[in-house]
Amino acid sequence: MVIDDNLENPNPYRIVLDELGHLFKNIIKSLCRGNEIIFKIDETSNERYGDLTCNIAFLLTKILKKSPPQIATKLVNDHIIPYMKSKKDSFIISAEAHQSGYINFRIDYNKLFGLIINKTLFSEEYKYQDIGNNEFIIIEHTSVNPNKAIHIGHLRNIILGDSLYRIFKNTNHDVKVLNYIDDSGVQVADIVVAFLYAGFPETPSDPETKYDHYCGDVYVKVTNMMEQDKLLLEKRKIVIREIENGDSKIAVYSSDLVKKILKEQLKTCAEMRSRYDLLNIESDMIKSKLWEKSFQILKDKNIIYFAKEGKNVNCWVIKTADEEDEKVIVRSDGTVTYFAKDIPYALWKLQIIDDPFDYEEYEKQWDGSKIWMTTIDKNKQLKNHNEKKFFEKKPAKVITIIDSRQARLQNLIISIIKKIKPDENNYYYLGYEAVTLSPLTSKILGFEPEKNIVHMSGRKGLFVNADILIDQLKTKLVQEIEKRNQNQTMQLDEINKIAQGIAISTIRYSLIKQDLDKIIVFDINEATNLDGDTSLYLQYAYARAHRILEKSDVIDDELIRLAKLYSEKRIPIYSSDIEVIFQNDRGFPLDTLNFRIEEINLIKDLAKFDQIIEQTLETLNPKVLARYANTIATKFNLFYENVPVLKETDQNLRNERLFLVKSFIIILNNVFDLIGIVPLSKI
RNA sequence: GGGCCCAUAGUUCAGUUUGGAUAGAAUGGCUGCCUGCGGAGCAGUUGGUCGAGGGUUCAAAUCCCUCUGGGCCCGCCA
């Protein structure tokens, strides 16, 4: 093999970039002692400029007192050509001083392909990079009020969080996913009032109705009634107090009700292939006295103060993050505000205060792992009690995912943490913009749109229910699949499985491909459209690739045996025999290479997989991976359309292309796994 | 009034973190390609004063300032 034996798990693209980076660092060292030059090695903007480009000539104009093209030519002639002549195992095959001043390079695709094959085909599974070194990561997402059904706005949160979980998990991080269950807020109290005092039947008239859907409807109706009926509002106050104060009949009733709804919400999450480790029950947090401990810390450190006058008289308040205003933490009646409850939760996540919880098994979930829930009742004989505490070590990152309306409060949390522990910077707030409804969709839901942007509202009943959306998409897909399989013998359950796989993938992909700080305008027609930049496009490319391998009649073991021969014998011959090419102003010839342009483009993008993962972790934005999936699927479709594999008569070429197809499948499958798209070898 | 975010093709968006060569997709409209490895695909064509103005720079969609339009936040609600 041409690659360094020490590099057990090389990142193909990085190797090439590092080689060039090293080369230019040495050139700078010899040319301008003492001067720090920060150059860039980028992809070229256009194929005819080669693959990679360096802007160094622009940066040296003042030091060398020459024009960029003159410098570029000098560097190529005096430094780069001698370097390449001496270095036979270079990943660069040609260099050019362009008249614009750029120095351009072409990559040795044979070697690059060798690295990809090595990485994809020769280990049991593709080895992800060990970026995390088993660091402990906590991600909180979902956290939907347990009184209603999950809608597409919640789904953006869920999919974002779950994708991040998958990415951290697969890069060797020890990740735990939290879901905060606010069982003691007004929203839950509303439906308790509905059933206990407003005469709503506890069970839906149609027993088929999903219980969270039913409660969501009741919630809309009862909040409407409350606007007229002051008595119900009084009842709600009582209910809230009862729930907060412990074990009264109403508290138990509420707790049971929450569990029933939560169970249904988690079914939706599971259907979307989102998974959790722990449910943080808010009432347990209240019972745990975590707040009292946090309150004491805040007082001890003089972070909060008691207002003796002004608009917040007799309240405990805190200065806002900009120190301009104050925010109430404890009301004048001694009760704690909504915001205040986030403080002990954050301190607990960061392990700044001791863990007061016990943990009880909630259920086994779809991926085989267990969901736990907090509990505080020490007298109860706990079912499957977890002896170990939830935390075994301090988290390296605590990521809280909430929509951007919470940005101000989350930044306040961060500033409070900084005041308690100045060197603590592991708390990350990940915000994202809302999902809104298109005017047309709003109209379909029976709400006349007032503006072009319609915000969803659970309380008004103005939202797109996630379960219903999944069903709609699934139904449409079943029809489409049946249309395409009239002569075939696909079983109904197979069709259903495929439809399900495409439906949830379509939703997941549509919710993460867009930037976090852009509003997603949901339109029902667009959401059920399966053309263009959708997950189906990716899944279709994946299925096509599978079909080629299947029809090749080369079994996996044989493919790997052939690939080993290829990488051992063929690559060294190619790479050492190719003469180093230099060009000036005339572009790069490709006819000396054995690859077609569509193959080269696919190889180049497949090589970037590890870089893409790094970038995703840096930005905490799975969008990067979604875009990448689309890029490689597009490159594959071009390859598929233009380069024959099975019909290729040259056995070596045919095999080489089979390796490429297999590598594509493995890398796309990895990307699918990271963003939760279901890989289907047949559609 | 103060703070945060957005503005790029008819429409939905990449590209902005880290300035660089002719600003890219998808979708819509029009036109081709199924005896070919799956046409849920591919190719072609149409379509842009990168919201406006100023500044920095050899070079600005990208950095800075001002303005305009849109969204969100600013409660002893949650």
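The figures here come from the full heavy-atom set of this structure, side chains too, leaving out hydrogens, waters and symmetry mates.
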(message) Does B:U12 have OP1 or OP2 under 4.0 Å away from a side-chain N or O of A:K513?
(response) no
(request) Give a yes/no answer on whether the side chain of A:K635 brings an N or O atom under 4.0 Å of OP1 or OP2 in B:A25. (result) no
(message) Applying the Watson-Crick and G-U wobble criteria at under 3.5 Å, what pairs with B:G24? Answer none if nothing qualifies.
(response) B:C13
(message) Strictly below 4.0 Å: does A:K551 bring a side-chain N or O up to OP1 or OP2 of B:G38?
(response) yes
(message) With the 90 degree cut-off around zero defining syn, does B:C63 come out syn or anti?
(response) anti
(request) Using only side-chain N and O atoms of A:R331, determine if any of them is under 4.0 Å from OP1 or OP2 of B:C77. (result) yes
(request) Return no unless some side-chain N or O of A:N312 is found under 4.0 Å from OP1 or OP2 of B:C76. (result) yes
(request) Output yes when at least one side-chain N/O atom of A:K451 is less than 4.0 Å from OP1 or OP2 of B:G71, else no. (result) yes
(message) Does a side-chain N or O of A:K518 approach OP1 or OP2 of B:A7 to a distance below 4.0 Å, or not?
(response) yes
(message) If you only use heavy atoms from C-beta on, which nucleotide in B:G71, B:C76, B:A14 is closest to the side chain of A:Q514?
(response) B:A14
(request) Between B:C42 and B:A26, how far apart are the P atoms? Round to whole Å, please. (result) 8 Å
(message) Distance criterion of 3.5 Å, no angle test: do you see the side chain of A:T337 paired donor-to-acceptor with the base of B:C76?
(response) no
(request) Could you give the distance separating B:C5 and B:U16 at their C1' atoms, to the nearest angstrom? (result) 15 Å
(request) Compare side-chain N and O positions of A:N46 against OP1 and OP2 of B:A21 and report whether any pair is under 4.0 Å apart. (result) no
(message) Only pairs with both distances under 3.5 Å count, Watson-Crick or wobble alike; so what is the partner of B:G38 in this structure?
(response) none
(request) Could you tell me whether the phosphate oxygens of B:C4, OP1 or OP2, come under 4.0 Å of any side-chain nitrogen or oxygen in A:R408? (result) no
(request) For a side-chain hydrogen bond (donor to acceptor under 3.5 Å, both in side chains) with A:Y432, tell me which candidate from A:D517, A:D403, A:N157 qualifies. (result) A:N157
(message) Does a side-chain N or O of A:R544 approach OP1 or OP2 of B:G39 to a distance below 4.0 Å, or not?
(response) yes
(message) Tell me if the side-chain of A:R547 makes a donor-acceptor pair with the base of B:G38, cut-off 3.5 Å, by modelled atom types.
(response) yes
(request) Please check the phosphate of B:A78 (OP1 and OP2 only) for any side-chain N or O of A:Y338 closer than 4.0 Å. (result) no
(message) Does the structure show A:Y537 stacking with B:A40, if we require the centres to be closer than 5.5 Å and the planes to be within less than 30 degrees of parallel?
(response) no
(message) Let's test this: given Watson-Crick or G-U wobble pairing with both distances under 3.5 Å, identify the partner of B:G1.
(response) B:C74
(request) Give a yes/no verdict on a cation-pi contact between A:K299 and A:F295, requiring under 6.0 Å between NZ or CZ and the six-membered ring centre and an angle within 45° of the axis. (result) yes
(message) Whole angstroms only, please: what is the CZ-P distance between A:F306 and B:C76?
(response) 14 Å
